[in-house]
Amino acid sequence: MYAVAPAKRQTFDFEVEGKEYHVPYMKHMPLQKMLDYNKKLKKINKAKQNDAYIEFIASIFTEHAPGSIEGLTVEQFTELMKAYIAEGNATAGE
């Protein structure tokens with residue numbers, strides 16, 4: 001019998017103005033949240049999918065690190081988002 005392993009709780013850790021925050025990687029998000037996002041994405045035309053992706057990532061930060069992105073500029077959030085995606089895609093030993 002296959003036993004489902006307990007969920008991992010790895011986080012992307014970052015700091016804004018001296019305050020530390022922790023956000024789970026997308027691969028550790030609940031399956032239903034990812035399925036809902038994918039459904040929403042299929043209903044959006046290709047030109048607006050990038051905006052939907054940015055909104056989705058912003059919602060992760062808002063939910064798990066309240067207040068962390070409120071005062072950021074577009075440039076600051078873009079860099080934070082790039083770091084989050086890059087680190088979340090890395091595997092152990094990389």
Side-chain angles (χ1 to χ4, degrees):
M1 174 195 317
Y2 179 79
V4 176
K8 294 179 182 179
R9 179 75 173 132
Q10 294 176 324
T11 59
F12 172 71
D13 306 320
F14 64 103
E15 183 180 305
V16 177
E17 296 182 1
K19 186 170 180 185
E20 203 172 294
Y21 297 94
H22 312 280
V23 176
Y25 295 116
M26 279 189 270
K27 63 185 173 185
H28 299 298
M29 293 306 235
L31 177 61
Q32 192 58 53
K33 184 172 184 122
M34 297 305 294
L35 292 173
D36 290 345
Y37 167 71
N38 285 337
K39 271 190 227 174
K40 178 182 175 184
L41 200 59
K42 287 179 183 178
K43 295 176 185 175
I44 298 173
N45 70 37
K46 295 264 187 217
K48 295 185 180 186
Q49 287 183 355
N50 193 42
D51 290 340
Y53 185 63
I54 293 168
E55 285 178 25
F56 177 67
I57 292 176
S59 75
I60 293 170
F61 279 80
T62 300
E63 179 180 345
H64 296 279
S68 65
I69 63 172
E70 288 175 6
L72 299 182
T73 65
V74 171
E75 181 179 32
Q76 289 172 314
F77 181 71
T78 299
E79 292 304 314
L80 179 64
M81 187 174 63
K82 285 179 185 177
Y84 173 68
I85 293 166
E87 192 173 306
N89 286 331
T91 57
E94 285 188 347

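- Heavy-atom contacts from other residues, nucleotides or ligands closer than 6.0 Å to NZ of Lys48 number 12 or fewer.
- With rounding to the nearest 0.5 angstrom, the CD atom of Gln10 is 9.5 Å from the CD atom of Glu87.
- Note: Glu55 CD to Asn50 CG = 10.5 Å, rounded to the nearest 0.5 Å.
- Two residues are said to be in side-chain contact when any heavy atoms from C-beta on lie closer than 4.5 Å; Leu80 and Tyr84 fail this criterion.
- No side-chain heavy atom of Phe12 sits less than 4.5 Å from a side-chain heavy atom of Tyr21.
- There is no path of hydrophobic side-chain contacts, each under 4.5 Å, that joins Ile44 to Ile60.
- The heavy-atom pair separating Ser68 from Phe61 by the smallest distance is OG-O, 4.0 Å.
- Other residues, nucleotides and ligands contribute at most 12 non-hydrogen atoms within 6.0 Å of the CD atom of Glu17.
- Expressed to the nearest 0.5 Å, how far CD of Gln76 lies from CD1 of Ile69 amounts to 11.5 Å.
- Of the inter-residue distances, the one linking Gln49 atom CD with Lys42 atom NZ reads 10.5 Å to the nearest 0.5 angstrom.
- Of the possible polar contacts, none joining the Thr62 side chain to the Ser59 backbone as a donor-acceptor pair under 3.5 Å is found.
- The two residues His22 and Phe14 have their closest heavy-atom pair at N-CE2, 4.5 Å.
- Across Gly88 and Lys27, no two heavy atoms sit closer than the pair O-NZ, 3.4 Å.
- Annotation: Glu75, atom CD; neighbour count of heavy atoms from other residues, nucleotides and ligands within 6.0 Å does not exceed 12.
- Linking Ile, Leu, Val, Met, Phe, Trp and Tyr residues whenever their side-chain heavy atoms come within less than 4.5 Å places Ile54 and Met26 in a single cluster.
- Note: Tyr37 and Phe56 have parallel aromatic rings, judged against thresholds of 30 and 60 degrees for the angle between ring planes.
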